[in-house]
Amino acid sequence: MDFWTAVVLIVAIGCFTSMRLKRHAPRPGAERGDTGELEREVARLRERIAVLERLATDHQRGHDLAREIESLRD
């Protein structure tokens, strides 16, 4: 590899890295304007986790659900 090929390669890597960093950088104002949306998302996720915990810990319901799934496969 000659000198100029190495220079072009280094510049290309730098440009690619810069583009990736800009894509994943936080948006200005995201801390202020999106808090309501983020709070709603967290509330929805907590509800989903509660349902998943209930399904995972309720053994009888889990067995019924497994039987129901098996009956649908036949």
CA sep, side-chain torsions, deciding dist, call: Arg40, Glu37, salt bridge (charged side-chain N to carboxylate O under 4.0 Å, His left out): CA-CA 5 Å; Arg40 288 189 296 276; Glu37 182 180 337; 5.2 Å; no
Trace of the side-chain contact (heavy atoms from CB on, under 4.5 Å) decision for Arg46 with Val42: CA-CA 6 Å; Arg46 286 183 184 188; Val42 168; 3.5 Å; yes
Intermediate values then yes/no, side-chain contact (heavy atoms from CB on, under 4.5 Å), Thr17 and Leu21: CA-CA 6 Å; Thr17 304; Leu21 289 174; 4.2 Å; yes
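Exactly one of Val8, Val7, Asp2 qualifies for a side chain to side chain contact (heavy atoms under 4.5 Å, CB included) with Thr5. That residue is Asp2.
By the 4.5 Å heavy-atom criterion applied to side chains, Ile10 and Ile13 are not counted as neighbours.
Every residue two or more places apart in sequence or in another chain that forms a side-chain contact (heavy atoms from CB on, under 4.5 Å) with Ser18 is listed here: Lys22. Scanning for salt bridge (charged side-chain N to carboxylate O under 4.0 Å, His left out) contacts around Arg44 gives Glu41, with sequence neighbours left out. Take Ile49 and apply the side-chain contact (heavy atoms from CB on, under 4.5 Å) test, not counting sequence neighbours, and it matches Glu53.
Under the 4.0 Å criterion applied to side-chain N and carboxylate O atoms, Arg73 and Glu70 are assigned as salt-bridge partners.
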